[in-house]
Protein chains: 2
Amino acid sequence: MNTNIFLQIYHDYSERIQSGEIAAGTKLPSENDLTREYGISRETVRKALQLLSENGFIHKIKGKGSFVLDLGRMNFPLSGLVSFKEMSERIGRKSQTIVYTTEHIPIPHAVARHLETDKHATVWQVIRARNIEGEKVILDKDYFRSDVVPLLTKEIASGSIYAYLENELDLQISYAKKVISVEDATAEDKELLDLKQYTHVVVVRNYVHLEDTTLFQYTESRHRLDKFQFVDFARRSPGEEK
Amino acid sequence: MNTNIFLQIYHDYSERIQSGEIAAGTKLPSENDLTREYGISRETVRKALQLLSENGFIHKIKGKGSFVLDLGRMNFPLSGLVSFKEMSERIGRKSQTIVYTTEHIPIPHAVARHLETDKHATVWQVIRARNIEGEKVILDKDYFRSDVVPLLTKEIASGSIYAYLENELDLQISYAKKVISVEDATAEDKELLDLKQYTHVVVVRNYVHLEDTTLFQYTESRHRLDKFQFVDFARRSPGEEK
DNA sequence: AAGTGGTCTAGACCACTCT
DNA sequence: GAGTGGTCTAGACCACTTA
């Protein structure tokens, strides 16, 4: 759909790197080469390379060239907004989603604080457990502002809610803040998960914003300790140099 | 030192936003306004705004303008490569570093796997505890390739190693991969930290690379569960849209 | 219709690396 | 000196929002 040139080049290379067609350590064609090859201006080539660089596919070295990193093949994505379903499919694990509740309710007191709505708002509450290799190890509690998301069904909740939001409701998700911490397991955790002997859970609070900056979703993802992992790729940003 | 125009504008606005001088929700001057105001080209203005956007200070909306977000003031930095010292100073907490060891040793077996050096390499090992408000809650085990970092002293280890690397040794740190997980507390954890009743620790493995892509440092940061927090700001990257 | 940000161009000069 | 990536310019056209 997108006819953006720099996005096409980005996808071209990101796929070839992720598939292993272009090996780690390989030097990419120079910016001038790519300019000639694609018949476009150098700034457009640079936009594609910058995206590749930001997302951990390549690293650019002044005077030398752009080189493929080996971070990209494992643990993808290196941070970002990706749903559980995409995630487990990428890893290739057998996974299953159990939907406990899909309800339209007045906003719970504890949630109002996170969603910054007025206290009389209503939300869609979705509670799901993620079953990986036979064990329920993640409890997802999602809350959607019902003025943004008018309807949710059990069918949607058992599939990809994000696909529904983006394709059916045409909502543009634009950014999110995640806060990760470890907390005591609640009675609910113990009831809905296979917690084994663990007394604590990793809690990932996710605040998701739309294109117009409205905070429309709050998610609490509660992970059994031994099944939690988070990978983050960080580049020293120009802004942080002294 | 840096005369880059876009960095100057970035710093100008990032500081004014972080200090609260420019409130959340405020609309920034348009790109054309900034072009005129600074007497520079629009693409340069856009570079500054893009940095602000990436780092969670602003959000740009097509046809409307650039708006200040309120994420920036709390929990800084929103992901990134920042040392414990910078971190605690920013939060304003009373903190102290206890240096247990600063040694030049043959690379431990368990570390060689992470640092990808040959098995006969030597490393500088630094083991430190971080004391926050009277309790030792973080254990940092750092390993530096000694062919990159020839010397470390207890004095350097008790201050900011990063400042030493960048200012004294002129090393350019460029990117890092973090892997966060939860593991059983070891005997060492129990000995060197004030673990209280906790049986697990949050382990943050950090793989730090230089400008020329060499992996030169591996750090294991072991946090007491209740004192761990990680914040991540993620923008839906153009590359991820379908 | 005017203003906004998003994309793209065809140049230019610079600092750096390699030989 | 030739090649590389980093910065910057002065234009252009587009899609979107607001009035």
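Letters A, B, ... are given to chains in the order of the sequence lines, protein chains preceding strands, and every chain is numbered from 1.
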> Which residues satisfy the ring-ring contact (aromatic ring centres under 6.0 Å, His included) test with B:Tyr143, sequence neighbours excluded?
Replying inline: none
>> Listing request: all salt bridge (Lys or Arg N to Asp or Glu O under 4.0 Å) pairs with a residue in residues 54-68 of chain A, at least two apart in sequence or in separate chains.
In response: A:Glu31-A:Lys60
>> What is the distance, to the nearest angstrom, from the CG atom on B:Leu34 to the P atom on C:dT4?
In response: 10 Å
> Which residue lies toward the 5' end of DNA chain C, B:Gly65 or A:Ser41, if each is placed at its nearest nucleotide?
Replying inline: B:Gly65
> Could you give the CZ-to-C1' distance, from B:Arg36 to C:dT4, as a whole number of Å?
Replying inline: 12 Å
> To the nearest angstrom, how far is A:Asp33 atom CG from D:dA2 atom P?
Replying inline: 17 Å
>> By nearest atom, which of the nucleotides C:dT7, C:dT4, C:dG6 is closest to the B:Lys60 side chain?
In response: C:dG6
>> Side chain of A:Ile40 only, heavy atoms from C-beta on: which candidate in C:dG5, C:dT9, D:dA10 is closest?
In response: C:dT9
> Mind checking what makes side chain to side chain contact (heavy atoms under 4.5 Å, CB included) contact with A:Asn167, not counting sequence neighbours?
Replying inline: A:Ala163
>> Applying a 4.0 Å non-hydrogen cut-off, can you work out what A:Ile5 is touching in the nucleic acid: base, sugar-phosphate, or nothing?
In response: sugar-phosphate
>> Distance check needed: D:dG6 C1' versus B:Gln8 CD, whole Å only.
In response: 16 Å
>> Quiz question: by atom type and distance under 3.5 Å, do the side chains of A:Gln217 and A:Tyr162 form a donor-acceptor pair?
In response: yes
> Considering only D:dC8, C:dC8, C:dG6, which nucleotide approaches the side chain of B:Phe6 most closely?
Replying inline: D:dC8
> Which angle, to the nearest 10 degrees, lies between the helix axes at the two ends of the helix from C:dA1-D:dT18 to C:dC18-D:dG1, each defined by five pairs?
Replying inline: 0°
> Sequence neighbours excluded, which residues qualify as ring-ring contact (aromatic ring centres under 6.0 Å, His included) partners of B:Phe144?
Replying inline: none
>> Using modelled atom types and a 3.5 Å cut-off, is there a donor and acceptor pairing between side-chain atoms of A:Thr44 and backbone atoms of A:Phe6?
In response: no
>> Salt bridge check, B:Asp232 against A:Lys177: does any charged N sit closer than 4.0 Å to a carboxylate O?
In response: no
> Side chains of A:Tyr218 and A:Glu220: donor-acceptor distance under 3.5 Å anywhere?
Replying inline: yes
>> Among C:dC8, D:dG6, D:dT4, which nucleotide has an atom closest to any side-chain atom of A:Ser30?
In response: D:dT4
>> Side chain of B:Asn32, heavy atoms from C-beta onward: which of C:dT4, D:dT7, C:dC8 has the nearest atom to it?
In response: C:dT4
> How close or far is atom C1' of C:dC8 from atom OH of A:Tyr38, stated in whole angstroms?
Replying inline: 16 Å
>> For B:Tyr38 and B:Asp33, which I'm curious about, is there any donor-acceptor pair between the side chains at under 3.5 Å?
In response: no
> Is any side-chain N or O of A:Arg46 closer than 4.0 Å to OP1 or OP2 of D:dG5?
Replying inline: no
>> Would you say B:His59 and A:Tyr175 are linked by a side-chain donor-acceptor pair, where the criterion is simply a distance under 3.5 Å?
In response: no
Between the protein and nucleotides 11-17 of chain C, which nitrogen or oxygen pairs come in under 3.5 angstrom?
unit_1	atom_1	unit_2	atom_2	d
C:dA12	N6	A:Arg42	NH1	3.4

> Once you round it to whole Å, what is the distance between C1' of D:dA2 and CD of A:Glu31?
Replying inline: 16 Å
> When you measure from the side chain of A:Ser66, which nucleotide among D:dG5, C:dT4, D:dA10 comes out closest?
Replying inline: D:dG5
> When the distance from CD of A:Gln50 to P of D:dC8 is rounded to whole Å, what number comes out?
Replying inline: 14 Å
>> Nearest whole Å is fine: how far is D:dG5 C1' from A:Lys47 NZ?
In response: 18 Å
